[in-house]
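Accompanying notes for the structure given below.
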Amino acid sequence: MRFDLDADQRALTATIEKFAHDTYGARSSRTPEDAPADYSVSVWRRMSELGLTGLCVPEECGGLGFSVVEILLVSEILGRALSPEPFATAAIVAAKLLEASAAGPTRDSMLLAISNGEVRLAPAFYESVADYDLQSVDARISDEGGRLYIHGVKELVVDGAGATHFIVTARSEAGEINAYVVPVDVEGVKVSPRLGLDGRWLASAEFNGAAVEGDAPLFESGEALANVEHALDFGNLSLCAEALGLMDRMLHLTAMHLAVREQFGKPIGTFQALQHRFADMVVAMEQSRSVTWMAAAALESGELGAGASDLSAAKSAVCRYGRTVLEGAIQLHGGMGMTADFELAGYVRRLLAIEKTWGDRVYHELRFLEAS
Amino acid sequence: MRFDLDADQRALTATIEKFAHDTYGARSSRTPEDAPADYSVSVWRRMSELGLTGLCVPEECGGLGFSVVEILLVSEILGRALSPEPFATAAIVAAKLLEASAAGPTRDSMLLAISNGEVRLAPAFYESVADYDLQSVDARISDEGGRLYIHGVKELVVDGAGATHFIVTARSEAGEINAYVVPVDVEGVKVSPRLGLDGRWLASAEFNGAAVEGDAPLFESGEALANVEHALDFGNLSLCAEALGLMDRMLHLTAMHLAVREQFGKPIGTFQALQHRFADMVVAMEQSRSVTWMAAAALESGELGAGASDLSAAKSAVCRYGRTVLEGAIQLHGGMGMTADFELAGYVRRLLAIEKTWGDRVYHELRFLEAS
Amino acid sequence: MELGWSTSDLEFREMIRAEISALVPADIRTRVENIQHLKKEDYQRWQTILAERNWATPAWPPEYGGPGWSPLRRIFFEEACFLAGAPRPIPHINMIGPVLQAFGTEAQKERFLPGIPSLTEWWCQGYSEPSSGSDLASLRTAAVRDGDHYIVNGQKTWTSWAHWADYMFCLVRTSDAGRPQEGITFLLIDMSTPGVTVRPIYSLDGAHDLNDVFLQDVRVPVENVVLRENEGWTVAKYLLNAERTEIAGLGQTKRLLQYAERLAAGQRRDGVTLADHPEFRSRLARIRIDLKAHEWTVMRVMAAGHGDASAPSASVLKICGTDLLERTSDLLMDLGGPAALAYDPAVHLGRANGAAPYGHALNGTAATYLEFRKAGIIGGTTEIQKTLIYKDAAARWGTS
Amino acid sequence: MELGWSTSDLEFREMIRAEISALVPADIRTRVENIQHLKKEDYQRWQTILAERNWATPAWPPEYGGPGWSPLRRIFFEEACFLAGAPRPIPHINMIGPVLQAFGTEAQKERFLPGIPSLTEWWCQGYSEPSSGSDLASLRTAAVRDGDHYIVNGQKTWTSWAHWADYMFCLVRTSDAGRPQEGITFLLIDMSTPGVTVRPIYSLDGAHDLNDVFLQDVRVPVENVVLRENEGWTVAKYLLNAERTEIAGLGQTKRLLQYAERLAAGQRRDGVTLADHPEFRSRLARIRIDLKAHEWTVMRVMAAGHGDASAPSASVLKICGTDLLERTSDLLMDLGGPAALAYDPAVHLGRANGAAPYGHALNGTAATYLEFRKAGIIGGTTEIQKTLIYKDAAARWGTS
């Protein structure tokens, strides 16, 4: 157990920081309505050149084969830069899920394409918008002489509006839940973009007899759901680490504001009540880091199901501590904190979107209780 | 609707304040172990001379026949003075319950004796120490040729160690819950004093075939429980108002401490963080007052069952706000706040005892939800 | 002290509930209950309906056309409006109205009071400046006398509804002598005067309520001074007191709670309605209870009148209201569940018609959470209010 | 960065758990798990058992007899002690011990270090004075040189376990020149010296842990100065750092949580166990989660060593620990239900044997709530800690 970075990790960090600085500079946010489908194919390609899209892809499939520590490092830097690229979806969840899937041409070709930055896969698991139940799946597969077609609707597909493929859960003709890859450009796929809380574009994805890639499910019978949960655990780990980057930037913006803004003839950072609210934010940030690292340690073995309890503890805590940080940041910024045009706004909205992605505090507290 | 006092109410207030000042002066608290059975027969007699023991007793039974407003005024003053007398039990709950009971010699003679200060009745309704369920009654009555005897154990009988009588719930031979008066000095009654959180003495009361006063239950068949609840609502109203007096005194002690105590070369009341914590206490106190008055308005009609929802809202809120006040008072007093010998300690412990008497926050929030 | 309500009060309550319920236009009611933002015309339409019955300005004294209701009846009226899904009253009615009544010249009253009840003339408040927020007295927008006009230069900011407003009542600096408070003047500015520029500020939720107001060589007639030159601080303090029940946010809190309860009753999660969900049940109960407490605190303040030191202060009301708005909007964010991830601002903010992808109710959850982060900032920050409470409290409890 | 544990670490963990579990005397274990207060002899007995295995001072370096464990192994050791129901380590072991090791003379080390591991000599800390709490540097207890002695006069207060102590390490004023911090000396006082009077202070829960210590013309040999005259502040600051993991209160919080969980599993209310009760279930979950976070924060601090600015500070640890102690004891008060109304202090505080009327567990609920109101006061108040955190944070985040 060691918390400081070794030389390789410092080099990776430096590379990603340079990439983020060159790509995003001082990104300022927009009002939600003005936001374009924010992520960019060219940036994604640049990320693939740096190895980021294949960060978790096994080396034999063209990736770097890294694990939790690198997920932490990269995600945090992307968070600090408010990167809108679909890292957690396409580079983590999709890669982890494909890696775990049954050997075959789909697995290997998709993993290679992820590494190369040629595809962006969006996990499409949810049908209800009221809870995060992965088992409430009505989407179904029809088998027409060995050709598989998918029918159903998935909601709140994160990063879905700009995806090239979906990974969709659906029931086989035998009624069993499995996962399938479906390209976005085949007949029978209808993508309706939905504006997300963070200005990124979600999608409703409708499948009306769309052809399944490779005409095969990703998993052996009965193995899909556990693997979906496990891949989402890694996705949530990435989101938690991204949240650390967001919080770090919010602390910076707030501390600067406290130092610069003057009222009653002195910087407002000299007022004890504001100092103490800032201290609460610092504590929340430190606790978020601790619990995220704890989850990473628990997930490190990669064993199916390992770390679920700690990951859920971490995600629920990051949601809760995140509120402390973002609410404190807004309050300490006063009117500026409520302004969509000020940089803070984008961080606030992204942190809330992370909270709502793949299980919120309520969901993960319950999952923690059940898993521990 | 009017919140300021009229001339009669001001006169009453002045009388009670003088009584409290003459009787208790600047009462300082003791460590729990050193506390005697704190209430005094002579003070109780003095209270009866002022009409306080018969405050709610109908005029035709020798009382003043007052209602909710006077309960508020008297209880708050007694709270401010940390009076240990059994006002809420013997003068409110017992009187209200007897007033509502079936006409007969027991009712009238007990009400007169309450007014005269000759008796102190302690309500003994609970058998479990885990919840406040008034229906879990195992105590039972045996009817031996028209003579009634009671058998069973009551726990956490507030003000029970110095009572002259108990009002006990028990099941008739038919299995129905009713209420009975049992003198403490008849054969078959065993009182075990238990030290309370506030230094006052509770009791476990054991009845082994003790003779029931008047050989009759207090209520017609099926009417006892609703009346017990209603009488406890008035008792809780008194406790809420008493809590206002406690909080008021705690605010005073704390404000004085902030003004007098110096650190870093100035009064600690000049530090913004401490000012703001005090402000939180003030808000909690104001909200407690509002909600207590609301409950009084809802109980004013005296109709059976009326006001239960508002009373439970009030009691639960006073428990919650009370924690804000007492925890703030301790913190702002620093080490002195943790000291049993300092006046604050008695107020802290009494406020917590009120919280635990006749339903805590959890109980009353649930009751509020069910009643509204 | 008397805690009961008279029969005639209870009859009034019945009457006003029935009347108001019949008056609210259905389209407005729908938007209000969907927690959508209203248009200027919605507010004007509703106030016009009320004005026809002389109910548009319930807090104004009868000599200025108020209905002459007791505080309790005003509460019943507000309750009736709330239950019927009426728009909330525009705060400025109880700000500039009472100010003109107390300090205005006869000419000012004649000119400006008639346009207020039906909102035929819309007002905005020009207080905050980029460098003057909590420290209001440090404001720098300057008015220099030039014959029978002032020439005003400066910038106001966070100005609600400036883009809808015909007039702005504002504080300007007319002197640098003495304490900062002493050189301030309360001035009425016609927003169509050359040199007035309004620039939108978009809020966290995407709404456009707030604005920057730039004032460049704006000529304002001297008869638009309220009270006297350099005595604007007196007016501002009076106004603070006049708006203290507005600042309590009681109606807004009730509306948010109603919204939350409707959502909780209608949505299911983990196999139960959200209203029965262990996560939400007791949070809802506590908010309902604290709202009852708050309502009684407001009643105590209304009944106490000015100058009663034992009544809760405006700052206590503001803190309680802020606390409830923050907690209820926080609860809404949680109630929204996964659906709070999507947000269609156009529909929510009234810029487009039609339904949101997952329905109006879910569409408003995150937006409402974002919107009410403002609660502790506007109208005097929570920090400022707590400091004021301490000052009062030290005077009341801190002496032996 | 590497987040896994080595096989040898995991083997150590197994070993130490088994060993410690076999070592804790049954009567002590019972009292600890009943959350009763321990006697001086209980602590001494346990430390003696540990000392026989060289485990009494896990944080001491090997050259002073420590076992030479890594931070991780120290955590495993503490965990094993916790699970086995061992008494918590006496904080002074990691306060006066490291101070003497860092600043003590050879004579001081020889004289005082051997008595610490087995608590054959008990220490107390004389810092606070009636007028010097948060503002420690304003202390006024004066030591005046008189030949080869100091004559000490003054009063210390809130002194834990002074009535059990053989020695007190304390801060005294030896000079009024310069800043207040500059005239302070770190002095070791034999509690049996004439002129030392200890008077009990009873706490809210009735416990006697704290004391006033009066010092009247107490003669202390000059060789009992640690470091040098007027350099006591340096020692005090070092000590603050040395105790930062003690101040985290991790063991105490775990013990309270264990107690709460046992109570929740065993008691029923409203037809379910308290552990399944909607009121308590998620509160318990959140405390468990925050405790995990806190444990990892402690690990990060232990691994970081001194001077790493990116590691959380002692103040962050203190705030997190305080928050958990306050919330867990608050939860206990609620879990106690009606039974928390009764409290038998004699049994809880270890002054009498036997059972409490409603059992040990329920008897300790209100008492524990009262006891841990101290959490935000002792060892530097929450307010002081937050101000320190802000200072660090402004330096770290507040520069562009």
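Letters go in sequence order (proteins before strands), and every chain restarts at 1.
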>> Is B:V362 in contact with chain D via its backbone, its side chain, both, or neither, using a 4.5 Å heavy-atom distance?
In response: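 It is both, since atoms from each part get that close.
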
> For B:I268, is it the side chain, the backbone, both, or neither that has a heavy atom closer than 4.5 Å to a heavy atom of chain D?
Replying inline: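 It is neither, since no heavy atom gets under 4.5 Å.
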
> Crowded around D:R262 CZ? As in, over 12 foreign heavy atoms under 6.0 Å?
Replying inline: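 Yes, the 6.0 Å shell around CZ holds more than 12 heavy atoms from other groups.
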
Hey, could you give me the [atom1]/[atom2] distance between [X] and [Y], rounded to the nearest 0.5 Å?
X      : Y      : atom1 : atom2 : result
D:L204 : B:F342 : CG    : CZ    : 11.0 Å
D:T382 : B:R277 : OG1   : CZ    : 7.5 Å
D:H277 : B:L366 : NE2   : CG    : 6.5 Å
D:M333 : B:L352 : CE    : CG    : 4.5 Å
B:D341 : D:Y202 : CG    : OH    : 8.5 Å

> So, are D:R269 and B:D360 salt-bridged, with charged N and O less than 4.0 Å apart?
Replying inline: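 Between B:D360 and D:R269 there is a salt bridge, with a charged N closer than 4.0 Å to a carboxylate O.
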
>> Under 4.0 Å between a side-chain nitrogen and a carboxylate oxygen: does that hold for D:D330 and B:R323?
In response: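 Counted as a salt bridge, because a side-chain N and a carboxylate O are separated by less than 4.0 Å.
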
Region of [X] that comes under 4.5 Å of a non-hydrogen atom in chain B:
X      : answer
D:L210 : neither
D:R268 : backbone
D:S128 : neither

> Within a strict 4.5 Å, meaning less than it, do heavy atoms of the B:Y363 and D:D270 side chains meet?
Replying inline: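 Counting from C-beta outward, B:Y363 and D:D270 never come under 4.5 Å.
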
> So do D:E279 and B:E365 actually touch side chain to side chain, heavy atoms under 4.5 Å?
Replying inline: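 B:E365 vs D:E279: side chains touch.
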
> Can you list every ring pair (Phe, Tyr, Trp, His ring centres under 6.0 Å) pair that touches residues 344-381 of chain D, not counting sequence neighbours?
Replying inline: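 For residues 344-381 of chain D, and leaving out neighbouring residues, the ring pair (Phe, Tyr, Trp, His ring centres under 6.0 Å) pairs sorted by first residue read D:H37-D:H348, D:Y343-D:H348.
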
Search all heavy atoms of [X] against all heavy atoms of [Y] and return the closest pair with its distance.
X      : Y      : result
B:L156 : D:A342 : CD2-CB, 4.0 Å
D:S203 : B:A340 : O-CB, 3.3 Å
B:R261 : D:S131 : NH1-CA, 3.8 Å
B:L202 : D:L341 : CD1-O, 3.8 Å

>> Against B:M338, only a single residue in D:I377, D:I201, D:I378 fulfils side chain to side chain contact (heavy atoms under 4.5 Å, CB included); can you say which?
In response: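 Testing B:M338 for a side chain to side chain contact (heavy atoms under 4.5 Å, CB included) against D:I377, D:I201, D:I378 leaves exactly one candidate, D:I377.
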
> Between B:E155, B:E262, B:H333, which residue shows the highest count of heavy-atom pairs closer than 4.5 Å to chain D?
Replying inline: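 Top count of heavy-atom pairs under 4.5 Å with chain D: B:E155.
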
>> With chain B as the partner, which of D:A340, D:S134, D:P338 has the greatest number of non-hydrogen pairs under 4.5 Å?
In response: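 Counting heavy-atom pairs under 4.5 Å, the top option is D:P338.
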
> If you count heavy-atom pairs under 4.5 Å between each of D:D334, D:T381, D:D344 and chain B, which one has the most?
Replying inline: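 That would be D:D334.
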
Could you tell me whether the side chain of [X] and the main chain of [Y] form a donor-acceptor pair under 3.5 Å?
X      : Y      : result
B:K356 : D:G337 : yes
B:Q331 : D:G376 : yes
B:Q263 : D:G133 : yes
D:K374 : B:G334 : no

